[in-house]
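Labels below follow one simple rule: chain letters A, B, ... track the order of the sequence lines, proteins then strands, and each chain is numbered from 1. The figures that follow rest on heavy atoms only: side chains count, while hydrogens, waters and symmetry mates do not.
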Amino acid sequence: MENVTIARLLDETADLLEIDAADPFRIRSYRRAAEAVEQQTTQLATLVDEPKQLLAIAGIGKGMAANIVELVKTGSMPMREELLLKYKPTMLDLLKLPSMGPKTVALIWSALGVADIDSLETAAKEGKLNDLPRFGQKQVDKILKGIEDFRKNSGRYRIDDATATAERISALIREFPGIESVTPAGSLRRGKETVGDLDLLVTGPACETDRVAEVVEHVASLPLIANLIAKGQNKVSFNLRNGLQVDVRMLPRASYGAALQYFTGSKMHNVALRQRAIKMGYTLSEYALARMDDNSVVAAASEAEIYNALGLDYIAPELRENNGEIEAAQNHTLPGLIDLRDIRGDVHAHTTASDGKATIREMAEAALAKGYSFLAITDHTKNLAMTNGLDDARAIEHIAAIREVDRAMEGRIRVFAGMEVDILGDGTLDLEDSTLAQMDVVIGSVHTLFNQPYEEMTDRILRAVENPYLRILGHPTGRLLLAREPFNFDLERVLRRCAELGVVVEHNTGMPRLDLSDRNLRLAKELGCRISINTDAHSITDFDQMPFGIAQLRRAWLTPLDVINTYTPEEFLRALRPRP
DNA sequence: GCCGTTTTCGGCCCGACTGTTTTCAGTCG
């Protein structure tokens, strides 16, 4: 059983306990445990015979460790089974509807026997809900609308789409006079791969208490609003046409730092921070860090002031997951995180020789314009016929052409010659060794034969890694490949072997999906892998995808030293596995 | 159910918004 599954089952148990009106603190420990399990890089299923290691995880005690062992061994646990007999698994879906919380789910179940979305819809349309306490027509309409939205779109939104949307909305909000800045908070600011909603914080003279009402009106009447959810004194919530929920909050400058801290989250990080505040005699809210005894403000205007007042170094948003960052901030051991400015090269790029849209020279100029010191051209090879992949003869000509451009750039940027070689079904590469020997960068990627069994896929990738000419393992989880599920193989074993052999592991930020999750990146670092971040550029604008991948590197606590794109061109070449 | 610089019991984060119960419970982040 995978960690994500264990986490989901624990979280669902927490939902069931809430419906059962159990002790809220007990419920919270199930949620905490679920979060903790999800963040682990080792698979807990391998630890069931060593419960001590489970107990070492913060938030997991004796009882929870026993629960996890039970889940891994039997697929469930006694309490969960009891709750599922008492209630219905479909009730968990109901919790996903807006304004449907555990109390309401329990109420409609006991009063009407409603346990799933379809019967809830029927009951609502037949007017049965209106007789229930705390139910009026507005509540019923809200639920019906919620069911409609739930069926239309449920899920999360990609970080690049959400960023673009946030920028569009911010521009509209800034049109109002007296607005200084609009900042995205929430999981977007934390750099998560996907976001569930958008949090925008607005400040400026117009957001002071006496004027804020006008700003609220301005935001609530933005033309792109599809559905207004709520409008308060300093908050507006709405849905866009694509279903994305946007929460906009207007805040006076004096408390902007506290608000930014608060709404950036994560929830678990904030809870831990507030516990710390209380121990120090403070109370932390979205308005300020204040003394508990006389309510006097200790810090509020900037995040750094708040963290410092709590005896902590400033914690970058990407680290705020209550995953050891608070302890590290206290001990001054936070890592010097990698930053977009550290990146000096991109070593996975395509040209018109295969399926790219620009020439070698155009790509080189674009990389130079990004401020890079090096670029590697890595077109597809012959096995990918649909991309016009190169065979050995064309590859050798292409290498010569790349060398020519490298000379023409006269040292302003180094252009390395490479190829994104296809890993075949038997684990061999689809170009001759003598051709591969002429390249600086050989990326090996799996593009075909998705349906191989787990063991065969693992063996296939391991065999490719053994090839002494392969220097970078390309998008190792295969998540790039459109509309396909990620490969199913033993990632940990592959990463271990890459570390042993000095094969660089790629974090490919080409969309539609980022390649390695922050958890897998953390695992790669723990196992001693060198990492390369690349946009897999097929056009000169694709280099712009770099920031979204950087966010994942930061979430994995990576420093410039961990990532070979931060090196000088010479250091970069030396960092690669030596050629035979 | 977890946890310990007020330790093995008694705590456990904070506030806004909504709808409808004329005083607040439930939901949400």
Side-chain angles (χ1 to χ4, degrees), chain A residues 10 13-15 17-19 21-36 54-68 77 79 94-108 129-130 132-143 146 185-187 190 195-201 212 216 220 228-238 245-251 255 258-259 261-290 292 310-311 322 330:
Chain A
L10 290 176
T13 306
D15 285 340
L17 283 167
E18 275 201 298
I19 294 169
D23 173 19
F25 298 109
R26 196 180 179 201
I27 295 165
R28 186 182 300 169
S29 43
Y30 275 83
R31 299 233 185 263
R32 250 198 101 192
E35 295 251 353
L54 290 178
L55 291 173
I57 301 168
I60 294 186
K62 251 182 124 176
M64 203 57 74
N67 282 336
I68 291 170
M77 55 200 217
M79 184 170 64
L94 295 178
L95 289 173
K96 292 173 191 143
L97 298 173
S99 83
M100 288 287 287
K103 294 287 194 292
T104 316
V105 170
L107 176 68
I108 60 168
L129 296 181
N130 301 63
L132 298 172
R134 293 189 311 275
F135 264 91
Q137 193 53 45
K138 273 196 171 177
Q139 189 80 324
V140 175
D141 291 344
K142 205 170 178 180
I143 287 172
S187 46
R190 299 203 310 280
V195 303
D197 59 17
L198 217 54
D199 290 294
L200 297 177
L201 299 192
V212 69
V216 168
L228 191 65
I229 299 169
K231 187 172 85 169
Q233 284 183 347
N234 60 1
K235 171 188 165 173
V236 180
S237 295
F238 53 85
Q245 179 171 332
V246 185
D247 298 318
V248 185
R249 291 179 174 83
M250 278 51 73
L251 297 140
S255 61
Q261 195 291 311
Y262 183 87
F263 290 110
T264 298
S266 68
K267 202 169 178 174
M268 288 309 207
H269 173 85
N270 284 357
V271 168
L273 216 56
R274 262 169 278 160
Q275 279 168 345
R276 182 182 179 89
I278 287 172
K279 279 191 193 132
M280 296 174 72
Y282 299 139
T283 160
L284 178 61
S285 76
E286 64 210 78
Y287 297 110
L289 179 71
M292 215 180 284
L310 289 168
N322 193 27
Q330 176 178 305

### Task
Applying side chain to side chain contact (heavy atoms under 4.5 Å, CB included), run through A/K267 and A/R31 and close with a yes or a no.
CA-CA 11 Å; A/K267 202 169 178 174; A/R31 299 233 185 263; over 6 Å; no
Nucleotide N/O to protein N/O under 3.5 Å, stretch nucleotides 1-3 of chain B:
residue, atom, partner, partner atom, Å
B/dG1, OP1, A/R26, NH2, 3.0
B/dG1, OP1, A/Y30, OH, 3.3
B/dG1, OP2, A/R26, NE, 3.1
B/dG1, OP2, A/R26, NH2, 2.9
B/dG1, O4', A/S29, OG, 3.0
B/dG1, O6, A/D23, OD2, 3.1
B/dC2, OP1, A/G61, N, 2.7
B/dC2, OP1, A/G61, O, 3.2
B/dC2, OP1, A/M64, N, 2.8
B/dC2, OP2, A/G63, N, 3.4
B/dC3, OP1, A/G59, N, 2.6

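- Note on A/P24: nothing from the nucleic acid sits closer than 4.0 angstrom, heavy atoms only.
- Atoms CZ (A/R31) and P (B/dG29) sit 13 Å apart, rounded to a whole Å.
- A/L273 comes within 4.0 angstrom of no nucleic acid atom, judged by non-hydrogen atoms across all strands.
- Heavy atoms of A/K267 sit under 4.0 angstrom from at least one base atom.
- Look at CZ on A/R276: it is 12 Å from P on B/dT5, rounded to the nearest Å.
- The base-pairing partner of B/dA16, taking Watson-Crick or G-U wobble contacts with both distances under 3.5 Å, is B/dT27.
- Atom CE in A/M292 sits about 13 Å away from atom C1' in B/dT6, given to the nearest Å.
- Base orientation at B/dT7 is syn, since its O4'-C1' glycosidic dihedral falls within 90° of 0.
- Between A/I229 atom CD1 and A/Q245 atom CD the span is 3.5 Å, to the nearest 0.5 Å.
- Spacing of P atoms, B/dT5 relative to B/dG1, comes out at 23 Å, to the nearest Å.
- Between B/dC28 and B/dT22, the two C1' atoms lie 24 Å apart (nearest whole Å).
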### Query
When you look at A/L95 and A/E18, which way does the side chain to side chain contact (heavy atoms under 4.5 Å, CB included) test go after all the steps?
CA-CA 10 Å; A/L95 289 173; A/E18 275 201 298; 5.7 Å; no
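- Nucleotides of DNA chain B nearest to A/Q245 and A/Y282 differ in position, and the one nearer the 5' end is that of A/Y282.
- Mapping A/P102 and A/S285 onto DNA chain B by nearest heavy atom places A/S285 closer to the 5' end of the strand.
- Across all strands shown, A/S237 has no heavy atoms under 4.0 Å from either base or sugar-phosphate atoms.
- A/L97 comes within 4.0 angstrom of sugar-phosphate atoms only, judged by non-hydrogen atoms across all strands, and of no base.
- Only the C1' atoms considered, B/dC12 is 30 Å distant from B/dG19, to the nearest whole Å.
- When all heavy atoms are compared, the tightest approach of A/I60 to A/A33 is CG1-CB, 4.3 Å.
- Between the CD1 atom of A/I27 and the P atom of B/dG26 there is a distance of 13 Å, rounded to whole Å.
- Annotation: the span from A/L289 atom CG to A/L310 atom CG amounts to 5.0 Å, rounded to 0.5 Å.
- Phosphate proximity of B/dT27 to A/T104: present, with a side-chain N or O under 4.0 Å from OP1 or OP2.
- With rounding to the nearest 0.5 angstrom, the CG atom of A/L10 is 11.5 Å from the CG atom of A/D15.
- For A/D247 and B/dA16, the CG to C1' distance is 11 Å, given to the nearest whole Å.
- What separates CG of A/D15 from C1' of B/dT27 is a distance of 14 Å, to the nearest Å.
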### Query
What string of B, S and - do you get for nucleotides 17-23 of chain B 5' to 3' if you count protein non-hydrogen atoms under 4.0 Å?
SSSSB--
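- Atoms CG and CZ, from A/L200 and A/R249 in turn, are 10.0 Å apart once rounded to the nearest 0.5 Å.
- The main-chain N or O of A/Y262 is found under 3.5 Å from a side-chain atom of A/N270 such that the two form a donor-acceptor pair.
- Using P as the reference atom, B/dA16 and B/dT21 are 24 Å apart when rounded to the nearest Å.
- Atom CG of A/D247 sits about 8.5 Å away from atom CG of A/L198, to the nearest 0.5 Å.
- For A/K279 and B/dT6, the NZ to C1' distance is 11 Å, given to the nearest whole Å.
- Across A/L251 and A/A259, no two heavy atoms sit closer than the pair CD1-CB, 3.3 Å.
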### Query
Could you go step by step and tell me if A/T13 and A/N67 meet the side chain to side chain contact (heavy atoms under 4.5 Å, CB included) rule?
CA-CA 11 Å; A/T13 306; A/N67 282 336; over 6 Å; no
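- We find that CD of A/E18 is positioned 12 Å from C1' of B/dC28, with the value rounded to whole Å.
- Here, B/dT8 and B/dC2 have their C1' atoms 12 Å apart, quoted to the whole Å.
- Comparing the P positions of B/dT20 and B/dT27 gives an interatomic distance of 14 Å, to the nearest angstrom.
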